[in-house]
Amino acid sequence: MKFFFSSGHGACPGCALPIAVKNVLYALEGKCFVVNPTGCLEIISSQYDRSAWGVPYIHSVFENAAAVAAGIEAALKALGRKDEGHVVVFAGDGATADIGIGCLSGMFDRDHDVLYICLDNEAYQNTGNQQSGLTPPGSNTTTTPVGKLLPGKVGKKKDMVAFALAHGVKYVATASVAYPMDIRRKAKRAVEFEGAKYIQIHCPCVTGWGINSNETVKVAKLAVETALYPLVEYENGELVRVRKIKQRKPVEEYLKVQRRFRHLFKHPKGKEIIEMLQKIADENAKRFGLDE
Amino acid sequence: MVRKVVRGFYAVAHAVKLCRPNVICAYPITPQTEIVENLAAMYANGELENCEYITAESEFGAASILVGASATGARTFTATCSQGLILMSEVLWNAAGMRLPIVMVIANRSLSAPLSIWNDHQDSMAMRDACIMQVYVENNQEAHDMIPQAYKIAENRDVMLPFMVCMDGYKLTHAYEPVDLLDQETVDKFLPPYDPPIKLTTKDPLTFGCYAPPHCYMEFRVVMQRAMERAKKVMEDVFEEWAGLTGRNWGGLIATDHMEDAEVAVVAMGSVVGLVRDVVEEMRKEGKKVGLVKIRSFRPFPVEDLRKALKDVERIVVFERAVSFGHEGPVAMELKSALFGHSDAKVYSFAVGLGGRDIPKQLVRKCIEKSEEIEPGFYFEGVKDFEEVIV
Amino acid sequence: MKITLGAVSKPYTSLKMKTGDWGTHWPKVDEELCTGCGTCEMFCPDMCIEVVKVGEENGKEIKKAKVNYDYCKGCGICAEVCPTKAIKMELKDIYKVI
């Protein structure tokens, strides 16, 4: 079991989460303790007597993964067992940016030796696509539905990279399931740092985003190629690497293939949102120097 | 062992230290704060070996940190009360279901609103269904003694559940009392290092915190109830061992005074027991057949012991430090359910001292005497005359 | 049924769940085109495609992708990411209209 995550789990066909998880566990050679809050990954992998995990794993509640991880790290330290493995959190975007942000802030602030990975599928997908703080603007979710008045989510995607950096987190990166080798490298690099680490991995959701099961990787790649999901890497607060984009694509190419954004092409406010998203992409490209 | 006049919070902190905890984590809240402040000072002075002391970002975080630590095989400690306990509650239910023997001290305090930092039992009563053991102590010596016993009971493989040592906020936490302070040798002899049957380790990678579909969820609840039932025997054994070791016998799940021929039984928990005992002694001297039942363990609830102790009494007077709004006092509720079909005694439930309201001796006596004249039921006592208005 | 302490589970017990009957399609690997690069294995969300040694040529291992049909949910990601287009998604026989 070189991926330390077994077949038979309950993820939807084409789910991005196992792609992220298996490549992180592979990179860390299974030498880790996994903490996983309530969410998609938890529900697909941890049914009683049907565990997909080959590493020590714990799920407690929805909003406390960072704190549980801190407790594991403290226990390993106190018991002289630090060499047993890294403490790794796999948490969804809602568990990270919304309900669990208090515990996350505490863990970052105390600088526990924990690699916190946010699997960002941009909404509460386990319960059927409700908006989270990491849902992008314009997205049609069940709690920000498209109506005559509203064009899906109003507001913006919370900047968790900035949140991590503001806490002085030593290693902060974004990644995408479109690039598993990059995920592996970043996971390995992250654990070279003692203290808190944060990686946010973009994980398309087949059902919530309304894409075909074989399009997960394609859509994830488009998010990167449009600069809507810039892949960046910070070490000790400095931007050290970005994934360059050869020929940046217009955001429409990313939006039109997903059901959650389809309304933007006919809703009266759709054009405005598309323009705003393009502006975000342009700013990302400029800010991180993405264009090659 | 050395006798010293110390405050309640120190008596607790000192006992915790002797239990060699591996992870201590807490968030400050009045009147618990001084317990963890004392532990923080011990940590800062290097007095806690193989121990990490973490100041969490909230009580919710503190409880969560201990879930991770306890599952990894650490002996853990926290203290909280009131709003802090309620904030922890989601995690504590989870810890109980995961069978993690976290030991915590509750410096009992009332709940908001209106905000009150003073003592009653409303906070821990709100946790009564969570499969967490609850023992209420009468004084600081008992609080001190309960800490090593709590670990021994919670970590027993037949039990494996969290444990709350409930001590009245301010009334005990901040009170100066002479306490025979335990020494390391005594505690080491009594309490073996924590060696859980399962833990998070890469050597045997288990999955903790699984979800259970309807085909198996109920069975997990059955075994939790069984563990609570088994805890009764484990508690009795541990209490007995403690009495043998230290010469201090605090009783079993309950402790009784003058119950052999009592016609009226007075039931209480926590620091008010001392006062009630004085009143009972006084009334005995006057020839009145009054007895005292101190409930030590509220969870597991000492059903059998209470049936035995109360089988011949005519009246039962319960002093409540909390209210189950919409019904009555929680202790009387539990008591009546335990006695149903076993006793015809009339039960009088008196809520006293809510939110730190003083409980004078005369009030205790008045309630006992009043029970002769009034109908059984639920009453607030020590309440002022007031007019209920909107603004 | 066994009821464990705190509902802990043993590792890899999800293998009891054969998910191979979920999908309508299954990947078929064209061994002529497959170079054994392992891209499909790296991406497969169900850990059910693996590059295995099938022989040797001039002292060099020959590797090909092999599908575990017990678990494949037929998502089609392997076919999408294959750099040599060696994987085709085929409709399962039971779904074919005769």
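The chains referred to below are lettered A, B, ... by the order of the sequence lines, with proteins before strands, and numbering in each begins at 1. Since the structure is predicted, the reported quantities are computational estimates derived from the model, not experimental observations.
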message: Does the Lys NZ or Arg CZ of Lys197(A) fall within the cation-pi geometry relative to Tyr116(A) - under 6.0 Å from the ring centre and within 45° of the axis?
response: no
Member of Cys203(A), Cys205(A), Pro204(A), Ser45(A) meeting the side chain to side chain contact (heavy atoms under 4.5 Å, CB included) criterion with Leu17(A): Cys203(A)
I'd like to verify something: which residue of [options] has the highest number of heavy-atom pairs under 4.5 Å with chain A?
options: Leu66(B), Asp204(B), Thr55(B); result: Thr55(B)
options: Ala69(B), Gly209(B), Ser64(B), Ala74(B); result: Ser64(B)
options: Ala62(B), Ser70(B), Pro213(B), Ser58(B); result: Pro213(B)
options: Tyr217(B), Phe60(B), Tyr53(B); result: Phe60(B)

On the 0 to 90° scale, with breaks at 30° and 60°, tag the [X]-[Y] ring pair as parallel, tilted or perpendicular.
X: Phe108(A); Y: Tyr198(A); answer: perpendicular
X: Tyr48(A); Y: Phe220(B); answer: perpendicular
X: Phe5(A); Y: Trp53(A); answer: perpendicular

I'd like to know which of [options] tops the heavy-atom pair count under 4.5 Å against chain B.
options: Ser105(A), Gly54(A), Ser60(A), Ser51(A); answer: Ser60(A)
options: Val35(A), Asp109(A), Ile43(A); answer: Ile43(A)
options: Gly85(A), Gly106(A), Ala78(A); answer: Ala78(A)
options: Glu84(A), Lys31(A), Glu42(A); answer: Glu84(A)

query: Contact part of Arg81(A) toward chain B, heavy-atom cut-off under 4.5 Å: side chain, backbone, both or neither?
result: side chain
query: Which region of Glu63(A), side chain (C-beta onward) or backbone (N, CA, C, O), has a non-hydrogen atom less than 4.5 Å from a non-hydrogen atom of chain B, or is it both or neither?
result: both
message: Just checking Glu29(A): does its CD atom have more than 12 heavy atoms from other residues, nucleotides or ligands closer to it than 6.0 angstrom?
response: no
- prompt: Should we say atom CD of Glu185(B) is surrounded by more than 12 heavy atoms from elsewhere, each under 6.0 Å from it?
  reply: no
- prompt: Is a side-chain donor-acceptor pair under 3.5 Å present for His202(A) with Thr174(A)?
  reply: no
statement: Bottom line for Asn94(B): the part with an atom under 4.5 Å from chain A's heavy atoms is side chain
- prompt: Is it the side chain or the backbone of Cys216(B) that comes within 4.5 Å of chain A heavy atoms, both, or neither?
  reply: side chain
